[in-house]
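Each chain gets a letter, A, B and so on, in the order the sequences are listed, and its residues count up from 1. Here the structure is a predicted model, which means the values were calculated and not measured.
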There are 4 protein chains.
Amino acid sequence: MAKTQERSRSRRQRVLDAALATFAERGYSDTAIDEVARASETSKGGLYFHFPSKQALFLALLDEMSQALLRRVTEAMAAEPDPIARGEIALREVLRAFGEHRLLARLLLVEAVGAGREFHARLNEINAAFADLIAGCLDEAVARGQLPPHDTRIAAYAWYGAINQIVLRWLATGEPARLEDAFPTLRDLFLYGVRGAAKDGRS
Amino acid sequence: MAKTQERSRSRRQRVLDAALATFAERGYSDTAIDEVARASETSKGGLYFHFPSKQALFLALLDEMSQALLRRVTEAMAAEPDPIARGEIALREVLRAFGEHRLLARLLLVEAVGAGREFHARLNEINAAFADLIAGCLDEAVARGQLPPHDTRIAAYAWYGAINQIVLRWLATGEPARLEDAFPTLRDLFLYGVRGAAKDGRS
Amino acid sequence: MAKTQERSRSRRQRVLDAALATFAERGYSDTAIDEVARASETSKGGLYFHFPSKQALFLALLDEMSQALLRRVTEAMAAEPDPIARGEIALREVLRAFGEHRLLARLLLVEAVGAGREFHARLNEINAAFADLIAGCLDEAVARGQLPPHDTRIAAYAWYGAINQIVLRWLATGEPARLEDAFPTLRDLFLYGVRGAAKDGRS
Amino acid sequence: MAKTQERSRSRRQRVLDAALATFAERGYSDTAIDEVARASETSKGGLYFHFPSKQALFLALLDEMSQALLRRVTEAMAAEPDPIARGEIALREVLRAFGEHRLLARLLLVEAVGAGREFHARLNEINAAFADLIAGCLDEAVARGQLPPHDTRIAAYAWYGAINQIVLRWLATGEPARLEDAFPTLRDLFLYGVRGAAKDGRS
DNA sequence: AATGAATGAGTCTTCATTCAT
DNA sequence: GATGAATGAAGACTCATTCAT
């Protein structure tokens, strides 16, 4: 049993690995199931034994990757009590994660976007999960009086979009050479923006 | 000749209109050339007379739409001498434009992204053009001493990404009901962020 | 136009001819669309231009063939005023038609039967049409007093089934060598059966 | 051993039961071996232990069912010395059997027919066996002088086909509500048909 | 310029069968 | 005997593109 399960897991995992490489490299539509099968050293039938359809495979991959990233960021934030510092940690960790895994970045920020209507709902959930992470920090900071009240949802999405675009630029142009180098600029942009917006008590 | 040209232009335009509707609605890969032909009340052959391939059509559409948007924003900014006020105008105008044209927003921010490798270069150019618009304002403001020196490229991309994400959220969830309503929050976020970031002489 | 239509017709007809040969020869499920395409000297895409699916092609073929047969029999019956004589003509004509076209017989009596749920409704309509032909003769003969009243529907279906089985036997065993030779026996079986059944005033 | 054999038999039987239900319901081609395995609460491997192939399973099912029916009819006829009465008993028993087992009727009269070339030979044997049953009665009746000499083979097949068609109509339309109700009409149709055909000494 | 029938390579998916455990 | 993961050949269908008219 254990062995079978292990083998099965490894096969399933091999397929997911291959799927990440292939989908991130060529995009959802331009990737043939045969390519994923070949890349995972499986037969097409074997692949279909583990995933009922191309769409389901892509969805599973999306879930797997986004949850792993979310977990990584959440864990990095866990120890820090200060909400603003937590936000900084989240930002740095995301930049690190994407900086280390180009494929992850391509998958989540590029290929998942235009993959088709079927994936919009899931992608929105993923986006919401990350935005929630940020919004949570902001809300807590507001509650603590560290930040003035403001529309934390919009702010969270704006931050999130800002990060993504920096990552996209890095993917496209290779700048900055080390993605993490964007951290201080982004942090200051975010931080003093939020504080500043509060300073004058703008709604 | 004039008539022919005009007719031809109108035919070409009809195709582009239909392409916008169809590509934005169903995505690049899921759109069949037949659909565009049908929607533009042309034949497939007629369509191929004006555009040599599906890819060329999509590219032409991308150019057309992004340039129109760029023109609209540039024109709105033209009269304003103050660079920071110009930036605000740009922001509001973009939100207005997308708010009025869902399809435009979907095309540029969703469907163009995952459409395939072939379009990445062009999309980067488009992104760069918009980021340049913002970076131009920032640079001028810095030159005038209205803003402290900072990495205006990163800031410009971050702004740009923030706006896009707000638009994406609006596309997905319908919030805020009027996209333009996000303007004040975004503006303050940007403005005081940049100023604030400068205040402490960021590293 | 005329030429195009003619060519189109001929192409469509070529496909139907090939479909008859292939489906009747190998059965619905065991026939690949490629085979029909090859047999009709068309490309697969060309075939799909004229028929939207394998199922639709089979259905069209079924309609075409059954209606042609129905028309042939109806026309043969047209001139005869006596209903019983008309019934005999129908019987002979059906035997002739099937005897001349093995493929027709195989298609309608064998391959259409087990082709799948999707075809049951249509097949029932076809069966009903033929049974109606017979029932019509019987009903008129009863109205004229040439036959005693009886359950003409059941009788019609029984006749119809009897004919089919004789044809099936001929297909399978080659007996009788000339299918038409079964005519006198069948006719007498039918005729005196119906008459005789009436004699005793059956319930 | 005995236990094993019994268990084995019951397993085999479970598979056959499931096969009947599935094949009769969905047809030969549209039935996947997995479905049969699932329906019989076995694994695919287990199924293949008892039957070497899908085809062999279907063939075994066909044999099993047709022989059971044949046995049932034969046994019902056994006690009756009069050949014509025996024929009537056969007719009634067949109608009863099919009326009680829709699946049996569907299997033998519908799904077995278009299942493919591979089954034609077996189906012909089955048909011949039933026709022989009828032909036997007719021949004996002729020998006894109860019926005039006639082509008993053709008559037998015609009867047989007539019955089948009535059953098919019942399967398709639900008429007559109780299949057995068709008995008197069919019997009279057959009986007086054969007699009548003989009366005038038509060849 | 326009049409739309035709092409054929390419795609996803199914499924009978095998075999290591 | 039983299991179910794996195989891979085969099949229905799509669609960008071409071209005779």
statement: note: B:Asp34, atom CG; E:dA6, atom C1'; distance rounded to Å ~ 13 Å
- request: Tell me which nucleotide among E:dA2, E:dT3, F:dA6 gets nearest to the side chain of B:Thr42.
  value: E:dT3
- prompt: Any side-chain heavy atom of B:Leu20 within less than 4.5 Å of one from B:Leu16?
  reply: no
task: Scan B:Thr31 against the nucleic acid and name what it touches under 4.0 Å (heavy atoms): base, sugar-phosphate only, or nothing.
output: sugar-phosphate
Mate of F:dG11 where both pairing distances stay under 3.5 Å, Watson-Crick or G-U: E:dC12
message: I want to confirm an ordering. Mapping C:Tyr48 and A:Glu41 to their closest nucleotides on DNA chain F, which one lands closer to the 5' end?
response: A:Glu41
field: Side-chain touch D:Leu57/D:Phe23, heavy atoms, less than 4.5 angstrom
entry: yes
task: With the side chain of A:Ser43 defined as its heavy atoms from C-beta on, choose the nearest nucleotide among F:dC13, F:dT7, E:dC12.
output: F:dT7
message: Measure CZ/D:Arg14 against C1'/F:dG1 and give the value in whole Å, please.
response: 13 Å
message: How many whole angstroms separate atom CZ of D:Phe49 from atom C1' of E:dA16?
response: 19 Å
query: Can you find a pair of side-chain heavy atoms, one from D:His120 and one from C:Val110, that are under 4.5 Å apart?
result: yes
- prompt: Less than 4.0 Å between a side-chain N and a carboxylate O, is that true for D:Arg117 and C:Asp30?
  reply: no
- line: Whole-Å distance, C:Gln55 CD to F:dC13 C1', equals 14 Å
Watson-Crick or G-U wobble partner of E:dA20, both distances under 3.5 Å: F:dT3
task: For A:Ala32 and for C:Leu47, find the nucleotide of DNA chain E with the closest heavy atom, then tell me which residue's nucleotide is more 5'.
output: C:Leu47
Side chain of C:Arg11 - closest among E:dC12, E:dT7, F:dG1: E:dT7
message: In whole Å, I'd like the distance from the CG atom of B:Leu57 to the P atom of F:dC15.
response: 16 Å
- request: Using only heavy-atom distances, decide whether a donor-acceptor pair under 3.5 angstrom links the side-chain of A:Lys44 to the base of F:dT7.
  value: no
Nearest-nucleotide comparison on DNA chain F, the residue closer to the 5′ end among B:Ser29 and C:Ile33: C:Ile33
query: Can you find a pair of side-chain heavy atoms, one from C:Phe58 and one from C:Leu107, that are under 4.5 Å apart?
result: yes
message: In whole Å, I'd like the distance from the NZ atom of A:Lys54 to the P atom of E:dG10.
response: 15 Å
query: Once you round it to whole Å, what is the distance between P of F:dA12 and CG of D:Asp30?
result: 12 Å
task: From the options E:dA16, E:dA2, E:dT13, select the nucleotide whose nearest atom is closest to the side chain of B:His50.
output: E:dA2
query: B:Phe51 CZ to E:dA1 P: how many Å, rounded?
result: 14 Å
